[in-house]
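Taking it in order: structure first as structure tokens, then the write-up.
Here the structure is a predicted model, which means the values were calculated and not measured. Chain identifiers are assigned alphabetically (A, B, ...) following the order of the sequence lines, protein sequences preceding nucleic acid strands; residue numbering begins at 1 within each chain.
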Amino acid sequence: MDVKFKILRFDPDKDKKPHWESYQVEMEPTDRVLDGLELIKGRVDGTLGLRRSCAHGVCGSDAMLINGKNLLACKVLVKSLPQPITIEPMRGFNVLRDLIVDMEPFFAKYRAVKPYLIEKDERPEHKERLQSPADREKFEDTTKCILCGACTTSCPSFWANPDYVGPAAIVQAHRFIFDSRDQGKEERVEVLDGRDGVWRCRTVFNCVEACPKGINVTKAIGEVKQALSKGELDPPK
Amino acid sequence: MRLYKGGVGQASWALHRLTGIGVLFFLFTHIADTALIMVGPEWYNKIIAIYQMPLFGISEIFLFAAVLFHSLNGLRIVIIDFWPEATVHHKLLFKGMMGIFLAVFIPVAWIMLGHALHGGAH
Ligand code: SF4
Ligand code: FES
């Protein structure tokens, strides 16, 4: 089948502002949007800039605005979309070229929440730190995040204030805050409870709809809000 | 820039802002018109006479809709904030809220419309 694409192109060396370009390629209905972009890049216009790696919804490289919604290009079948399929880079980040955005500020926020297990006590010798299945379940949902950025760049609070730590970083913080083995909860409070922390969330639910991993992002943010307001993340007295 | 295609969450968030600003705007004008009493009763009476025109009666219906939506939606957000588990059913919660909105709005708007058209608001 013939598939029409409309892509928002931007080359910082040549263009003052982004502009739309139309393309048409021959594809199978069961091909994915990413296949279409690869076809365009391979056969029609090699200058098209995009990020991808796994092509299987695992690496989180190819989140973009597809028909006005954040999706992973490698997960959507072309037959499921009305044409022309419009493609734009994620919103709220600086566009480096075409669909490639500067994700450094995004990863800076990721690092700011200390997304790793913080141990204070001595590790039990030759033993694991045990955890009950019920305790493990508490953060099961947030282990699935692939850091694609779809949630953060679908969030009106983030568009309005790029300093907002954003859903993705909160999901990552949740992953460790609710891990019974973690002992660094208070080290994350400053970022989460600060003026650009969780309280900027207005429960818009765009993040939940955008997440390609089906994470209930708003619930995770809500649990962090609750933990903060109940003082559960304060340093032990 | 085109609108992001969000779901009911985005729509209700946008409406919440819009109704919030609308009600705030009404409050300011209301403060201003009430303050006219200090300028002179005749000024105050003039402005109240304008308010009793059907056009204003109808805009009062919009005001009522805005206040009602803003309060119900606010409660919905409170529920979600206090019980994060409610996020799982957030669409149902929105539908339920809109159900209550319509159930209250339609009869009240009907009565208000009657008042607005057949002389004298309130
Ligand atoms: S929470 Fe979901 S949408 Fe957000 S970065 Fe992680 S995988 Fe992507
Ligand atoms: S290319 Fe890896 S998630 Fe799409």
Side-chain angles (χ1 to χ4, degrees), chain A residues 6 8 17-18 20 64-71 81-82 86-92 95 138 141-142 150-151 153-160 167 170 174 178 198-199 201-211 214-230, chain B residues 1-28 63 65-105:
Chain A
K6 255 180 82 187
L8 197 63
K17 53 182 194 115
W20 293 99
M64 53 186 78
L65 258 176
I66 300 176
N67 282 0
K69 262 186 192 171
N70 276 356
L71 296 164
L81 298 171
T86 62
I87 312 272
E88 300 162 69
M90 288 187 281
R91 284 186 187 161
V95 178
K138 285 184 188 151
D141 204 28
T142 45
C151 54
T153 58
S154 73
C155 173
S157 292
F158 172 72
W159 302 330
I170 302 173
H174 179 284
F178 291 94
V198 293
W199 309 110
C201 166
R202 301 284 188 268
T203 57
V204 175
F205 286 97
N206 276 6
C207 52
V208 178
E209 302 212 2
C211 179
I215 300 174
N216 188 340
V217 184
T218 307
K219 180 173 172 217
I221 299 176
E223 286 173 352
V224 175
K225 282 177 178 169
Q226 281 290 305
L228 281 170
S229 56
K230 288 184 184 149
Chain B
M1 179 124 58
R2 293 173 321 156
L3 208 63
Y4 185 89
K5 281 211 188 91
V8 289
Q10 179 174 289
S12 60
W13 164 80
L15 262 176
H16 196 79
R17 299 241 141 165
L18 207 71
T19 52
I21 292 168
V23 172
L24 191 71
F25 177 75
F26 165 77
L27 280 179
F28 280 135
L63 177 66
V67 172
L68 186 64
F69 179 87
H70 202 80
S71 346
L72 289 174
N73 195 53
L75 288 175
R76 186 185 64 93
I77 294 167
V78 169
I79 292 173
I80 288 169
D81 263 341
F82 275 91
W83 294 278
E85 204 54 49
T87 52
V88 179
H89 307 290
H90 83 95
K91 286 187 181 160
L92 196 72
L93 208 62
F94 179 78
K95 277 188 198 152
M97 175 204 110
M98 285 316 277
I100 299 176
F101 175 85
L102 291 177
V104 177
F105 178 71

**Request:** Measure K225(A) against the heavy atoms of chain B and call it side chain, backbone, both or neither at under 4.5 Å.
**Result:** side chain

**Asked** Backbone N or O of W83(B) within a donor-acceptor pair of the Q226(A) side chain at under 3.5 Å?
**Response** no

**Message:** Using a 4.5 Å heavy-atom cutoff, which residues in residues 88-97 of chain B come close to chain A?
**Reply:** V88(B), H90(B), K91(B)

**Message:** Which heavy atom of N67(A) sits nearest to which heavy atom of K5(B), and what is that distance?
**Reply:** O-NZ, 3.0 Å

**Region of S229(A) that comes under 4.5 Å of a non-hydrogen atom in chain B** = neither

**Request:** Tabulate, in ascending numerical order, the residues of residues 13-27 of chain B having at least one heavy atom closer than 4.5 Å to a heavy atom of chain A, or enter 'none'.
**Result:** W13(B), R17(B)

**Request:** Measure distances from L8(A) to the heavy atoms of chain B and classify the residue's part below 4.5 Å as side chain, backbone, both or neither.
**Result:** neither

**Spacing of SG belonging to C201(A) relative to CD1 belonging to I77(B), to within rounding of 0.5 Å** = 9.5 Å

**Request:** With the side chain counted from C-beta on, respond yes when E88(A) and R2(B) share a heavy-atom pair under 4.5 Å apart, and no when they do not.
**Result:** yes

**Prompt:** At what distance, to the nearest 0.5 angstrom, does CD of E223(A) lie from CD of E85(B)?
**Reply:** 7.0 Å

**Message:** Would you compute the distance between atom OG1 of T203(A) and atom CG of N73(B) and round it to the nearest 0.5 angstrom?
**Reply:** 8.0 Å

**Item:** Close side-chain approach of L65(A) to Y4(B), heavy-atom, < 4.5 Å
**Value:** yes

**Prompt:** What part of E209(A) gets closer than 4.5 Å to chain B, counting heavy atoms only: side chain, backbone, both or neither?
**Reply:** side chain

**Request:** Write down the atom of K219(A), the atom of T87(B), and the distance for their closest heavy-atom approach.
**Result:** CB-OG1, 3.1 Å

